[in-house]
Structure formats: structure tokens, C-alpha cells
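Have a look at the structure below before the remarks.
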Amino acid sequence: MKVIFIICIIIVIVVLLLSVLTTSKAYQYKHTIDPIKKSDDEENKEQSDHKN
């Protein structure tokens, strides 16, 4: 009975450590957002505005 209890405690500690490591690594990840691509109509309008 004692051996089973110790094994269970070890398993719980390992799972807890893995969860903490995974969560901390996820928070360190730098998320980036791609810029919004302008449509052709908007680009043509801006170019014509600069020419005038």
C-alpha cells in the first residue's frame, strides 16, 4: 500500500511539473500579426491622391 501511494505522489508531481513548464513556455511565445493587405482599389486611390 505504501509503495502504491509513493508511486501515485510521484506521478502527480511529474504531471504538475510538466503542466507548469508547458504553461510557462506558452506565455513566453511571441505572437505576431500579419499586416492587413490593402486592396488594389485603395492602392490606386492613394497613388492618384499623391499625384494631385
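Quick note: numbers below take in every heavy atom, side chains included, and nothing from hydrogens, waters or symmetry partners.
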### Query
Would a hydrophobic clustering, with Ile, Leu, Val, Met, Phe, Trp and Tyr connected at side-chain separations under 4.5 Å, put Val12 with Val20?
no

## Note on the structure
Rounding to 0.5 Å, atoms OG1 (Thr22) and CG (Leu17) come to a distance of 10.5 Å

### Query
Got a second to check how far Ile9's CD1 is from Ile6's CD1, nearest 0.5 Å?
9.0 Å

### Query
Between the side chain of Ser24 and the main-chain N/O of Leu21, is any donor-acceptor distance below 3.5 Å?
yes

### Query
Heavy-atom count around Leu18 CG within 6.0 Å, excluding the residue itself: above 12?
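Buried by this count: over 12 neighbours within 6.0 Å.
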
